[in-house]
Amino acid sequence: MNLLYALDLVGTFVFAVSGLRLAAKKDMDLFGAAVIAFVTAVGGGTTRDLLLGATPVAWIENLDYSVAILLAVPVTIIFKKYIVNLKRTFFIFDSIGIALFTISGMEKALEFGLSPGMAMGMGMVSAVVGGVIRDILCNEIPLIFRKEIYATACLTGALFFYMMSVIDLNTDINYVLTTILIFSIRVISIKYNLSMPKMK
């Protein structure tokens with residue numbers, strides 16, 4: 001198992017947990033929560049694969065993704081008091097998820113021969129679309145449309161990842177540094193209440 005594939009599975013798991021956490025807050029039953037977990041985890045990757053023409057999409061072709069999502073259900077139930085009611089926990093899982101999916105999405109787009117700019121866009125799509133679907137189904141305004149720095153963190157991380165690959169930085173180190181960068185941007189933006197300008 002290479003590191004990128006491992007990161008993709010970890011991203012799938014943490015996004016599933018973030019979906020389950022929100023579903024629990026909305027008092028959904030187990031089936032509803034599982035559906036939210038599933039669309040949160042694979043929504044972005046599915047959209048990316050369809051846009052790239054990469055069919056069958058990754059989670060249909062590889063059952064490991066479904067296993068990662070199913071594993072998130074009992075983990076969330078067992079550690080419910082640590083996960084469901086803590087806003088900080090949701091923030092951590094969501095931020096890790098977007099970081100990992102930005103990297104895997106961009107890598108896949110580059111493998112399909114897309115230009116660096118379009119590959120960055122595909123990285124962002126991979127990272128945010130699942131969360132958008134999750135929030136819409138849970139009757140929430142998607143994070144990407146709020147004042148928080150969210151998609152911008154993904155694009156910044158994607159640009160950093162590409163620049164480091166151009167100078168031939170070790171790929172595994174690049175994965176780690178990009179994940180840390182995206183996560184750090186999210187943490188700093190929340191801590192210091194930084195945001196994009198509002199539409200007026």
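For this chain, numbers begin at 1 and follow the sequence in order.
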Minimum heavy-atom separation for [X] to [Y], with atom names?
X: Arg134; Y: Gly19; result: CD-CA, 3.8 Å
X: Ala41; Y: Phe101; result: O-CE2, 3.3 Å
X: Ser18; Y: Thr40; result: OG-CG2, 3.7 Å
X: Gly157; Y: Leu181; result: CA-CD2, 4.1 Å
X: Leu20; Y: Ala37; result: CG-CB, 3.6 Å
X: Ala72; Y: Val17; result: CB-CG2, 3.9 Å

Which donor-acceptor pairs under 3.5 Å do the side chains of residues 137-144 make with protein atoms, sequence neighbours left out?
unit_1	atom_1	unit_2	atom_2	d
Glu140	OE2	Lys26	NZ	2.8

Residues two or more places apart in sequence or in another chain: which of them pass ring-ring contact (aromatic ring centres under 6.0 Å, His included) with Phe161?
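ring-ring contact (aromatic ring centres under 6.0 Å, His included) check on Phe161 returns Tyr175.
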According to ring-ring contact (aromatic ring centres under 6.0 Å, His included), who are the partners of Phe38, at least two apart in sequence or on a separate chain?
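Scan of Phe38 (ring-ring contact (aromatic ring centres under 6.0 Å, His included), adjacent residues dropped) gives Trp59.
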To the nearest 0.5 Å, how far apart are [atom1] in [X] and [atom2] in [Y]?
X: Ile96; Y: Ile180; atom1: CD1; atom2: CD1; answer: 11.0 Å
X: Met124; Y: Thr152; atom1: CE; atom2: OG1; answer: 9.0 Å
X: Leu159; Y: Met120; atom1: CG; atom2: CE; answer: 4.5 Å
X: Leu52; Y: Thr47; atom1: CG; atom2: OG1; answer: 10.5 Å
X: Leu177; Y: Met164; atom1: CG; atom2: CE; answer: 8.5 Å
X: Thr178; Y: Leu169; atom1: OG1; atom2: CG; answer: 8.5 Å

Mind checking side-chain hydrogen bond (donor to acceptor under 3.5 Å, both in side chains) for [X] and listing every partner two or more places apart, or none if nothing turns up?
X: Asn62; result: Tyr5
X: Glu61; result: none
X: Asp135; result: none
X: Ser126; result: Arg48

Can you name the residues that form a side-chain contact (heavy atoms from CB on, under 4.5 Å) with [X], not counting sequence neighbours?
X: Ala58; answer: Asp49, Tyr65, Lys108
X: Ala153; answer: Ile149, Ile182, Ile185, Arg186
X: Leu110; answer: Met106, Glu107, Ala119

Phe15 vs Ile69 side-chain heavy atoms within contact, under 4.5 Å:
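When only atoms from C-beta onward are counted, Ile69 and Phe15 do not touch, as no gap falls below 4.5 Å.
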With sequence neighbours left out, which residue pairs that include part of residues 155-172 fulfil the side-chain hydrogen bond (donor to acceptor under 3.5 Å, both in side chains) condition?
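Counting only pairs at least two positions apart or across chains, no side-chain hydrogen bond (donor to acceptor under 3.5 Å, both in side chains) contact touches residues 155-172.
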May I ask whether [X] and [Y] are part of the same hydrophobic cluster, defined by side-chain heavy atoms of I, L, V, M, F, W, Y residues being less than 4.5 angstrom apart, directly or through others?
X: Leu22; Y: Ile133; result: no
X: Leu100; Y: Phe13; result: yes
X: Phe160; Y: Phe183; result: yes
X: Ile78; Y: Val67; result: no
X: Leu70; Y: Phe31; result: no

Apply side chain to side chain contact (heavy atoms under 4.5 Å, CB included) to residues Ser95 and Val187 and explain how you reach the verdict.
CA-CA 8 Å; Ser95 298; Val187 170; 5.9 Å; no
Quick one: which residue pairs count as a salt bridge (Lys or Arg N to Asp or Glu O under 4.0 Å) with a foot in residues 149-159, not counting sequence neighbours?
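Sorted pair list comes back empty.
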Before you tell me yes or no, could you show the steps for Leu30 and Ile77 under side chain to side chain contact (heavy atoms under 4.5 Å, CB included), namely the whole-Å CA-CA distance, both residues' side-chain angles and the distance that decides it to 0.1 Å?
CA-CA 10 Å; Leu30 187 58; Ile77 292 173; 4.2 Å; yes
